[in-house]
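Here is the naming used below: chain letters follow the sequence lines, and residue numbers restart at 1 for every chain. Computed over heavy atoms, backbone and side chain alike; hydrogens, waters and symmetry mates excluded. Just so we're clear, the structure is a prediction, and the values are computed from it rather than from any experiment.
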Number of protein chains: 2
Amino acid sequence: MTERKTIDRKALIVEAARKSLTMFGYKATTMDVVSKLAGVGKGTIYTFFATKEELFGEIMRQLTQEMKAIVVERIVDSRSFFDNLTDALHGVLQFRETHELVIKLTQELRELGTPAVREALTELENAVLLFIEKEVQKAQDKGDIRRMDPKLTAFMMIRMYVTLAIDWSAQHQPLTREEVEEQFTSLFRYGICPAGMQGEPDTGAGAVPSGS
Amino acid sequence: MTERKTIDRKALIVEAARKSLTMFGYKATTMDVVSKLAGVGKGTIYTFFATKEELFGEIMRQLTQEMKAIVVERIVDSRSFFDNLTDALHGVLQFRETHELVIKLTQELRELGTPAVREALTELENAVLLFIEKEVQKAQDKGDIRRMDPKLTAFMMIRMYVTLAIDWSAQHQPLTREEVEEQFTSLFRYGICPAGMQGEPDTGAGAVPSGS
DNA sequence: TTCTGACCAAAATTCATTTTTAGTCATTTG
DNA sequence: CAAATGACTAAAAATGAATTTTGGTCAGAA
């Protein structure tokens, strides 16, 4: 194999495309721009990816994979659903770059309606939806949460998350990661009834009867 | 005064415009169409409304007014926040025509991005937001709900409502009015914790779920 | 006086022309 | 000689001049 000055050109290309996507969005990420950013001839891109869509697809697959890895490693079957949820959410919010790429694409979809982006984001959302749905199902079977349609519950969770982390920022001071977490988990945990009327708020050392 | 065969042309025009708006949206509602539907010369419209925007504004003002009336008459200060919330939501959901106009305009905004529609819907949302915010504030002062940012809470409520009543239908069987009500109020009341763990669920016999 | 619809300027739409971009391939390079 | 390249091409997108549609007016009919 050619092993001398051979830097991994494929990785270089993916990296460059990802940066461009995050900064300029899908439409403005032309193959010429990617080749320049990667410091590679345009033809080289086509030795690895047959089309622009395929390159884009690879990046979305990577992104989905990374998100899933972050979440999965924070889910421990012996812990309560809510502890897992809080941790998983925390992990996702912390993962800056992934998050920003998704936000950029969402913006582009809204203002340009780029079909490839719509498709990609739908696919991503479906993966997330399916994952949450299964977790909700498990939590129900364990009795951690009350009985309700897991599909609808998963759907509500995603929307609530987007509302807090993205939509709110459109017209207000963005919430910090901590605030998003706090709002998200406490709403799902307690609803909006006064503290003390039901399960315990985070203050106090009282432990919920869960594993561990 | 002229009281013979004088039908209220202004009302005729508003009615026609409202119908057209609900059926065809803002862009397709031309002044010619409105005049034909109202059975009135086009010039007549301009004796009541200086511009198309003004006619549209009048309809939106009417709509806001009607919605507000429905809600206000269902809010009784002596009742709990949740009882009021449930009733108010019920009222809004029942008010079909208003609802459909808003849905039509929302669709148009999404696919055409019509600026006048964006503006109108933003204004409507702000009115609703302000109203809910005040109610939340009152409920907090009464101790009906726990302490949290009223602006953010109001924002979340609207989004949650839209998620249930509109967004969900995009890819699934629409929820019935009853289902929307049930999902909305129970989430805010109890979160998603198991029944019996907190406030009173509607099922009479409190059966503890799978004990572990 | 009240109402109307032909009329006009401005906005939107169409479509032929130009520009940009995804994808190819003959040539170069290590 | 296999891997990399960038000038090249066909197709898609941007542009803008020509044409149609629409908001708004007003002289005259009812």
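When each of C/dG23, D/dA4, C/dC3 is scored by its nearest atom to the side-chain atoms of A/R9, the top-ranked nucleotide is D/dA4. Nearest nucleotide to the side chain of B/K42, out of D/dT5, D/dG23, D/dC8: D/dG23. Of the listed nucleotides (C/dG23, D/dT5, D/dG24), D/dT5 has the atom at the smallest distance from the side chain of A/T44.
Within the 4.0 angstrom heavy-atom criterion, no nucleotide atom of any strand lies near A/T47. Residue contacts shown for B/K52 are limited to sugar-phosphate atoms, with no base heavy atom under 4.0 Å away.
Rounded to an integer number of Å, the gap from CD1 of A/I13 to C1' of D/dA3 is 12 Å. Rounded to a whole Å, the CZ atom of A/F48 is 10 Å from the P atom of D/dT5. With rounding to whole Å, B/I45 atom CD1 is found 9 Å from D/dG23 atom P. Taking atom CD on A/E53 and atom P on C/dA22, their separation rounds to 11 Å, with Å as the unit. Distance A/F56 CZ to C/dA22 C1': 16 Å, rounded to the nearest Å. B/L12 has its CG atom 11 Å from the P atom of C/dC3, to the nearest Å. If you measure from atom CZ of A/F49 to atom P of C/dT24, you get 15 Å, rounded to the nearest angstrom.
Under 4.0 Å is where a charged nitrogen must lie from a carboxylate oxygen, and between B/D32 and B/K52 no such pair does.
Counting heavy atoms from C-beta on, the side chains of A/L101 and A/E97 never come closer than 4.5 Å. For the pair B/K19/B/F24, no side-chain contact is recorded, criterion being any heavy-atom separation below 4.5 Å from C-beta on.
Between A/G39 and B/Y46, the residue anchored nearer the 5' end of DNA chain D, judged by the nucleotide with its closest heavy atom, is A/G39.
In this structure, a donor-acceptor pair under 3.5 Å is present between the side chains of A/T114 and A/E108. Side-chain contact check for B/Q140 and B/R146: no donor-acceptor pair (N or O, by modelled atom type) lies under 3.5 Å.
Sorted by first and then second residue, the ring-ring contact (aromatic ring centres under 6.0 Å, His included) pairs with a member in residues 39-69 of chain A read A/Y26-A/F56; sequence neighbours excluded.
B/M157 contributes atom CE, which lies 10.0 Å from atom CD of B/E135 (distance to the nearest 0.5 angstrom).
The stretch residues 26-36 of chain B comes close to DNA chain D through B/T29, B/T30, B/M31, each having a heavy atom under 4.0 Å from the strand.
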